[in-house]
Q: 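Sharing a structure, written as structure tokens. Questions coming.
Position 1 is the first residue of the sequence, and the numbers go up from there.
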Amino acid sequence: MKKICESNQSGRSMIEMLGVLAIIGVLSVGGVSGYSKAMAKYRANKTIDQVSMLIVNIRTLYANQVSYEGLDTANAIKFELVSQDMIKNNALVNPYGGAITLATADDDLSFTVTYAGIDRQGCLTIATSDWGGTASSGLVSMSVGASDFSFEDDSFPVTLTNADTACASDSDNDISWTYH
């Protein structure tokens with residue numbers, strides 16, 4: 001008797017493979033989008049935490065001083081007012097990759113912290129955060145791009161509409177906080 005060869009193929013068809021690849025593609029796009037949003041939120045929150053920590057450290061160090069004389073980036077590093085993740089090549093760098101600058105006012109009675117190179121979404125989040133409900137928090141003014149906000153002109157807290165106008169650049173906004 002002749003044997004009939006039966007072939008049982010167990011592979012996948014081309015259509016099935018294309019379907020699997022399409023599903024993987026959709027999930028990948030969703031994953032990248034979710035990751036991008038998570039990283040944007042992380043950078044904004046990291047910036048808010050850094051600024052808050054930096055302000056507390058500066059005010060604590062200078063609590064028994066009559067002025068903020070000598071406060072600058074080099075001394076902030078020297079006196080360990082900043083965390084190690086903020087230092088790159090003896091300069092201060094924020095989570096957006098821009099520079100962090102510390103300076104005192106001409107009278108040395110107030111100081112300014114500036115974060116440069118913040119993207120638009122981060123700028124909106126950071127500018128509208130709660131930086132102190134009253135002038136007693138020590139915050140004197142805040143500059144976002146070319147716009148200035150202060151307790152004196154009742155522009156605190158910064159509204160989303162004002163922040164939207166002030167955060168004009170898509171990738172290069174500067175925010176400065178001046179404390180007394």
Side-chain angles (χ1 to χ4, degrees), residues 39-160 162-169 171-180:
M39 284 307 297
K41 186 172 182 140
Y42 168 80
R43 281 193 302 271
N45 288 338
K46 182 76 170 174
T47 298
I48 292 166
D49 290 344
Q50 282 182 353
V51 171
S52 298
M53 181 262 321
L54 190 54
I55 299 306
V56 168
N57 288 348
I58 291 169
R59 294 183 82 193
T60 301
L61 180 67
Y62 284 89
N64 294 323
Q65 305 295 311
V66 295
S67 72
Y68 292 102
E69 181 181 347
L71 177 63
D72 59 16
T73 303
N75 282 333
I77 295 170
K78 179 180 174 182
F79 297 129
E80 298 178 352
L81 299 176
V82 295
S83 60
Q84 290 299 314
D85 64 333
M86 296 169 69
I87 303 170
K88 188 182 253 182
N89 299 327
N90 260 356
L92 297 179
V93 179
N94 67 51
Y96 294 90
I100 301 171
T101 308
L102 302 172
T104 57
D106 291 336
D107 61 3
D108 288 334
L109 297 177
S110 57
F111 64 92
T112 302
V113 176
T114 303
Y115 272 54
I118 300 172
D119 67 30
R120 180 171 173 70
Q121 188 60 44
C123 181
L124 290 169
T125 302
I126 295 163
T128 56
S129 293
D130 182 12
W131 294 103
T134 64
S136 64
S137 68
L139 182 62
V140 176
S141 65
M142 188 168 121
S143 297
V144 181
S147 301
D148 293 322
F149 304 96
S150 70
F151 288 105
E152 291 177 2
D153 62 12
D154 292 329
S155 58
F156 269 136
V158 178
T159 64
L160 189 55
N162 288 341
D164 183 50
T165 303
C167 297
S169 174
S171 61
D172 196 23
N173 294 289
D174 293 354
I175 301 178
S176 297
W177 297 264
T178 300
Y179 279 82
H180 191 46

Q: Rounded to the nearest 0.5 Å, what separation is found between the CG atom of Asn173 and the OG atom of Ser147?
A: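 The CG atom of Asn173 sits 10.0 Å away from the OG atom of Ser147.
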Q: Listed by chain and number, what are the salt bridge (charged side-chain N to carboxylate O under 4.0 Å, His left out) partners of Asp164, not counting sequence neighbours?
A: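 Asp164 satisfies salt bridge (charged side-chain N to carboxylate O under 4.0 Å, His left out) with Arg120 once adjacent residues are dropped.
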Q: Check whether any side-chain heavy atom of Ile126 sits under 4.5 Å from a side-chain heavy atom of Ile118, and report yes or no.
A: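 Yes, close enough: below the 4.5 Å cut-off.
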Q: How many angstroms lie between atom CG of Leu54 and atom CD1 of Ile58, to the nearest 0.5 angstrom?
A: 4.0 Å
Q: Can you list everything that forms a side chain to side chain contact (heavy atoms under 4.5 Å, CB included) with Val93? Sequence neighbours excluded, please.
A: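 Here the qualifying residues are Lys88.
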Q: Are Phe111 and Ile55 close enough that some pair of their side-chain heavy atoms sits under 4.5 Å apart?
A: yes
Q: If you round to the nearest 0.5 Å, how far is CG of Leu102 from CG of Leu71?
A: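 Reported value, rounded in 0.5 Å steps: 5.5 Å.
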Q: Scan side-chain atoms only and decide if Thr112 and Thr178 contain a donor-acceptor pair under the 3.5 Å cut-off.
A: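 On atom types as modelled, these side chains qualify, holding a pair under 3.5 Å.
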Q: Sequence neighbours excluded, which residues qualify as ring-ring contact (aromatic ring centres under 6.0 Å, His included) partners of Tyr115?
A: Trp177
Q: Quick one: does Asp49's side chain get under 4.5 Å of Met53's, heavy atoms only?
A: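 Result no, sub-4.5 Å side-chain heavy-atom pair not found.
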Q: Could you report the tightest heavy-atom contact between Ala127 and Val144, atom names first, then the distance?
A: CB-CG2, 3.9 Å
Q: Hey, does the side chain of Asn94 reach the backbone of Tyr96 with a donor-acceptor pair shorter than 3.5 angstrom?
A: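 Yes; judged by distance alone, with no hydrogens or angles, the pair exists.
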Q: Considering residues at least two apart in sequence or located in another chain, which fulfil the side-chain hydrogen bond (donor to acceptor under 3.5 Å, both in side chains) criterion with Asn162?
A: Thr159
Q: Is there a side-chain contact between Ile175 and Cys123 (heavy atoms, below 4.5 Å)?
A: yes
Q: With a 4.5 Å limit on heavy-atom distance, are the side chains of Asp72 and Asn75 in contact?
A: yes
Q: In chain order, what residues pass the side-chain hydrogen bond (donor to acceptor under 3.5 Å, both in side chains) check against Thr125, with sequence neighbours excluded?
A: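 For Thr125 there are no side-chain hydrogen bond (donor to acceptor under 3.5 Å, both in side chains) partners, ignoring immediate neighbours.
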Q: Please check this pair: side chain of His180 against backbone of Leu109, looking for a donor-acceptor N/O pair closer than 3.5 Å.
A: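 Answer holds: yes.
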Q: With rounding to the nearest 0.5 angstrom, report the OG to CG distance, Ser52 to Asn57.
A: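 The OG atom of Ser52 sits 10.5 Å away from the CG atom of Asn57.
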Q: Tell me the side-chain hydrogen bond (donor to acceptor under 3.5 Å, both in side chains) pairs involving residues 98-109, sequence neighbours left out?
A: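 Every side-chain hydrogen bond (donor to acceptor under 3.5 Å, both in side chains) pair that includes a residue of residues 98-109, provided the two are not neighbours, is Thr104-Asp108.
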Q: With sequence neighbours excluded, what pairs up with Ser141 under the side-chain hydrogen bond (donor to acceptor under 3.5 Å, both in side chains) test?
A: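 Partners of Ser141 by the side-chain hydrogen bond (donor to acceptor under 3.5 Å, both in side chains) criterion come out as none, since no residue qualifies.
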Q: Under the side-chain hydrogen bond (donor to acceptor under 3.5 Å, both in side chains) rule, collect the residues that match up with Asp85, sequence neighbours excluded.
A: Lys46, Ser83
Q: Apply salt bridge (charged side-chain N to carboxylate O under 4.0 Å, His left out) to Asp119 and list each qualifying residue two or more places apart in sequence or on a separate chain.
A: Arg43
Q: Quick one: which residue pairs count as a salt bridge (charged side-chain N to carboxylate O under 4.0 Å, His left out) with a foot in residues 137-147, not counting sequence neighbours?
A: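 Of all non-adjacent pairs touching residues 137-147, none passes salt bridge (charged side-chain N to carboxylate O under 4.0 Å, His left out).
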Q: Do the non-hydrogen side-chain atoms of Thr114 and Ile100 ever get within less than 4.5 Å of each other?
A: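 Side chain of Thr114 against side chain of Ile100, heavy atoms only: no contact under 4.5 Å found.
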Q: Of all residues at least two apart in sequence or in a different chain, which pass the side chain to side chain contact (heavy atoms under 4.5 Å, CB included) check with Ala116?
A: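 Residues passing side chain to side chain contact (heavy atoms under 4.5 Å, CB included) with Ala116: Asp174.
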Q: A side-chain contact here means heavy atoms from C-beta on lying under 4.5 Å apart; do Trp131 and Phe149 qualify?
A: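 No, side chains not in contact.
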Q: Check whether any side-chain heavy atom of Pro95 sits under 4.5 Å from a side-chain heavy atom of Gln50, and report yes or no.
A: yes
Q: Using the test ring-ring contact (aromatic ring centres under 6.0 Å, His included), find all partners of Tyr62 that sit at least two apart in sequence or belong to another chain.
A: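 Tyr68.
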